[in-house]
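Below is one structure; the comments refer to it alone.
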Amino acid sequence: MVKHTLAKNIDKHLNETVTLKGWVYNIRKSGKIWFLIFRDGTEFIQCVILKDEVSSEVFDLKNTLTQESSLAIEGVVQKAPRQKFGYEILVKNIKVMQIAEEYPISLKEHGIEFLLDNRHLWLRSKKQNAILRIRHEIIKASRNFFDDRDFTLIDSPMFTPNASEGTTTLFKTKYFDQDAYLTQSGQLYSEAGIMGFNKTYCFGPIFRAEKSKTRRHLTEFWMIEPEMAFYDINDNMDLAEEFVRYIVEQVLKNRKKELEILERDTSKLEKITLPFPRITYDEAVKILQDNGRDFKWGDDFGAPDETLITKKFDTPIMIHHWPAETKAFYMKRDENDDKFVLGVDMIAPEGYGEIIGGSQREEDIDLLLSRIKKENLSEEMYNWYIDLRRYGSVPHSGFGLGLERTVSWICGNQHIREAIPWPRTITRLKP
RNA sequence: UCUGGAGUAGCUCAGUGGCAGAGCGGGUGGCUGUUAACCACUAGGUCGUGGGUUCAAAUCCCUCCUCCAGAGCCA
C-alpha cells in the first residue's frame with residue numbers, strides 16, 4: 001500500500017499533513033526562509049521551509065540539495081493564492097534519498113542537439129512532460145474511437161519479407177539465414193484481417209530508411225492504420241475526418257493544462273469542425289497554378305506546395321483522386337477515368353504536412369495482377385495477398401495516420417523529435 | 001545526395017587580425033515570501049580537426065569531421 005500522496009492530488013488534502021516523494025526542480029534561498037520547487041512527475045508544487053518550523057539539519061539542506069536530488073517531503077498543505085497551482089506545502093520534515101550530481105539541463109535555454117543527447121533527462125522537463133501526455137491522450141482517443149466502432153485490434157508483424165511500397169526506403173536486416181525488412185506499413189496484413197474481422201486497426205512502429213532531414217521526419221514512427229471491408233473511398237474519407245476531429249476534441253477536453261504549458265493557440269484547434277474540405281488532385285493543382293507556382297501535372301506535392309494549399313483553410317483538408325502513375329500498386333483505379341486512383345491524403349493545417357494517407361484498395365484480381373506485373377513486383381511474394389482476391393474479394397478501404405505528425409500539429413511543436421519519447425532520425429540512434 | 005548555416009567555459013552565446021569574455025549552472029558568503037529570485041566574491045578554456053598565410057589567427061585561406069535548417073522522398 002502506497003502511503004505517499006501524488007502532487008496532482010494535493011488539493012484533496014487541504015490543511016492535512018502529507019508525504020510527497022519526488023525530485024528538486026529548483027531552490028530559492030533567502031536567509032531564514034527558503035523555497036523548494038518540487039516535482040514528482042504528476043505536478044510541480046512549491047514547498048516552504050521556515051527556520052522555526054523544522055530542525056536545523058532540515059533547514060540546512062538548502063546548502064546541500066541540488067537540482068534533481070530525490071527526496072521525501074512531509075508537510076502541511078496550504079492555500080497559496082500567489083501560486084499558479086494554488087497550493088503549497090509548509091514543510092515539517094525532509095528525507096533525502098540521493099543528492100544529485102550537477103544536473104546538465106538548467107532552467108535556461110538549450111540547443112536541440114544537447115537536449116536530444118540528454119533525452120533520458122529531458123523527459124523530466126515540463127514541456128516534454130506535456131507533449132508526451134498529449135501523445136498518450138491521442139493514443140487513448142484513437143483506441144477508444146475504433147473500439148467504439150466495432151473495430152478489432154489486429155497488429156501486423158514488424159519483420160516482413162516484402163515491401164508494401166518501394167524497397168529503397170526499407171531497413172534491411174538479417175533474419176537467421178534469410179533477409180528481412182522492417183515494416184513500412186501494416187496495411188497488406190490488415191487487408192487480410194478485415195476478411196476475418198470486418199473492421200480492424202493496427203497500431204505500431206513503422207520504419208522508413210528515407211534520408212530525410214527535416215523537422216517532420218523520423219526513421220521510426222508510430223502509425224494507426226484502420227482497414228474496413230465494404231468501405232469505398234468516400235466512406236473512408238468520412239471516417240478519417242471523424243477520427244481526426246475526435247482526437248482534437250479529446251485533447252482539447254482532457255489536456256487543457258498541457259496545451260497551456262505548451263502555449264498552444266487553442267483557438268486554431270477549436271476551428272477543427274466537420275466536414276473537412278475535399279478537393280481533387282486537379283483542383284489542388286489549380287490552386288497552385290493560380291498562386292503562380294510552376295507545377296507540373298502528375299508530380300506529387302512538395303512541402304511548400306502543401307503549405308500553400310492548406311493556407312486557404314482552417315481545418316485539415318483531404319486531397320483525393322491522384323494520378324495513378326505515382327501511386328502504389330494496390331490502390332483502386334477510378335472506374336470513370338483510369339488515369340486516377342482512389343487515394344486520399346489528409347494535410348494538417350499550419351504547415352504540419354501530411355498526417356493521413358489512404359485509399360480504396362483494388363479488389364479485382366486481374367487488375368491487381370496486372371499492376372503487380374507492371375511494377376515488376378514478385379508475384380510469388382505477394383501470393384498470399386492475391387489470395388484475398390481469390391476467396392470472396394470485396395470492396396474495401398483504409399488509411400494510416402502518422403502519430404508523431406499529429407502530436408506535433410496538436411502540440412504546435414517545432415520538432416517532430418519531441419513527439420516521441422526516444423526519437424530515431426537519420427543521424428540519431430542514441431540514447 | 002544537393003543547397004544554406006553553425007561549431008569558443010558544463011549550457012546558451014558575444015568576440016571577425018593585437019591580453020579569452022558575458023549570462024546561467026558550480027563553489028563561498030549575505031538576505032523572512034521568493035517566482036527562470038536577488039546581491040557580492042570565486043573557480044572554470046586543446047576557441048571542432050589537421051594544415052597554410054602573417055611579426056601576430058578564435059578571427060583570413062584550404063582539408064576533413066560533426067551538428068542544424070531546407071530540398072528531393074514521405075506519415
Side-chain angles (χ1 to χ4, degrees), chain A residues 25-37 44-53 59 62-64 66-68 78 80-85 88 90 100-118 121-122 125-126 164-166 168-170 184-187 205-225 299-307 316 326-328 344-348 351-358 399-409 414-417 419-420 425-428:
Chain A
Y25 178 72
N26 195 15
I27 286 173
R28 289 187 277 268
K29 297 180 242 181
S30 179
K32 297 193 179 68
I33 183 171
W34 58 285
F35 305 91
L36 186 157
I37 315 303
F44 291 73
I45 187 162
Q46 174 164 282
C47 304
V48 185
I49 299 94
L50 286 162
K51 200 173 174 66
D52 301 340
E53 298 279 341
F59 190 78
K62 67 176 179 172
N63 298 319
T64 45
T66 53
Q67 191 187 356
E68 289 303 314
Q78 299 183 331
R82 270 175 295 190
Q83 290 293 310
K84 200 173 180 193
F85 184 49
E88 66 181 18
L90 179 63
E101 292 176 28
E102 193 182 327
Y103 192 64
I105 300 181
S106 72
L107 304 183
K108 299 275 179 176
E109 284 164 18
H110 298 283
I112 186 76
E113 190 191 0
F114 175 79
L115 289 169
L116 286 171
D117 283 342
N118 289 285
L121 304 175
W122 191 25
S125 68
K126 250 181 207 171
S164 67
E165 285 158 39
T168 51
T169 59
L170 284 167
Q184 269 190 319
S185 162
Q187 179 203 318
I206 294 296
F207 308 89
R208 303 254 169 115
E210 291 156 7
K211 299 202 168 173
S212 303
K213 298 181 1 173
T214 79
R215 286 179 300 184
R216 301 184 310 281
H217 287 89
L218 294 166
T219 53
E220 177 181 325
F221 63 96
W222 287 62
M223 200 147 78
I224 299 163
E225 294 178 277
D299 284 352
D300 217 332
F301 302 120
D305 300 319
E306 285 179 351
T307 306
T326 56
K327 290 290 180 180
V344 57
D345 282 359
M346 186 189 289
I347 310 191
Y352 282 92
E354 188 184 342
I355 52 172
I356 280 181
F399 63 84
L401 173 125
L403 178 66
E404 287 76 12
R405 286 229 182 131
T406 306
V407 172
S408 280
W409 161 50
Q414 278 297 109
H415 281 276
I416 199 168
R417 285 160 236 185
I420 187 166
T425 67
I426 186 168
T427 55
R428 182 168 294 279

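Within every chain, numbering begins at 1; the chains are lettered A, B, ... in the order of the sequence lines, protein sequences first and strands thereafter.
The nucleotide whose nearest atom lies closest to any side-chain atom of A:Lys29 is, among B:C31, B:C74, B:U32, B:C31. When the nucleotides B:C74, B:U66, B:G33 are ranked by their closest atom to the side chain of A:Glu210, B:C74 comes out on top. If you check B:G72, B:A75, B:U32 against the side chain of A:Thr214, the one that comes closest is B:G72. Proximity note for A:Ile416 (side chain, C-beta onward) versus B:A69, B:G33, B:A75: the nearest is B:A75. For A:Arg208, counting side-chain heavy atoms from C-beta on, the closest listed nucleotide (B:A75, B:A71, B:C68) is B:A75.
Under the Watson-Crick and G-U wobble criteria, each requiring two contacts below 3.5 Å, nucleotide B:G7 is paired to B:C65. Across all strands shown, B:U53 has no partner, as no Watson-Crick or G-U wobble contact with both distances under 3.5 Å is found. With a 3.5 Å ceiling on both atom-pair distances, the Watson-Crick or G-U wobble partner of B:C13 is B:G21. Searching all strands for a Watson-Crick or G-U wobble partner of B:G72 with both distances below 3.5 Å returns nothing.
Residue contacts for A:Arg216: at a heavy-atom cut-off of 4.0 Å it reaches a base atom on one of the strands shown. If you check every strand for non-hydrogen atoms under 4.0 Å, A:Gly302 touches sugar and phosphate atoms only. Here A:Arg417 lies in heavy-atom contact (under 4.0 Å) with sugar-phosphate atoms only.
Between the side chain of A:His110 and the base of B:C11 there is no donor-acceptor pair of N/O atoms closer than 3.5 Å. For A:Gln67 and B:G26, a side-chain-to-base donor-acceptor distance below 3.5 Å is absent, hydrogens and geometry of angles not being considered.
As a whole-Å value, the separation of A:Asp305 CG from B:A71 P is 10 Å. Atom CG in A:Asn118 sits about 14 Å away from atom P in B:G10, given to the nearest Å. Here the P atom of nucleotide B:C31 and the CD1 atom of A:Ile27 are 18 Å apart, to the nearest Å. A:Lys62 has its NZ atom 12 Å from the P atom of B:U28, to the nearest Å. Rounding to whole angstrom units, CD of residue A:Glu68 and P of B:C11 are separated by 18 Å. When the P atom of B:C74 is taken as reference, atom CZ of A:Arg215 falls 21 Å away, rounded to whole Å. One can place CZ of A:Phe114 at 17 Å from C1' of B:U66, the figure rounded to the nearest angstrom. The nearest whole Å value for the distance from the NZ atom in A:Lys213 to the C1' atom in B:U3 is 11 Å.
Remark: the separation of the C1' atoms in B:A20 and B:A57 is 13 Å, to the nearest Å. Using atom C1' as the reference point in both B:G15 and B:G7, the two lie 15 Å apart (nearest Å). Atom name P, nucleotides B:G10 and B:A43: the rounded distance is 16 Å, in whole Å. Here the separation of B:G51 from B:C64, taken at their C1' atoms, is 11 Å to the nearest Å. Taking atom P in both B:C68 and B:C11, one finds a spacing of 16 Å when rounded to whole Å.
B:G25 has no stacking from A:Tyr103 on its base ring, since the centres under 5.5 angstrom apart and planes within 30 degrees of parallel are not both found.
Note on A:Arg28: every side-chain N or O is 4.0 Å or more away from OP1 and OP2 of B:C38. At the phosphate of B:A69, OP1 or OP2 sits under 4.0 Å from a side-chain N or O atom of A:His415.
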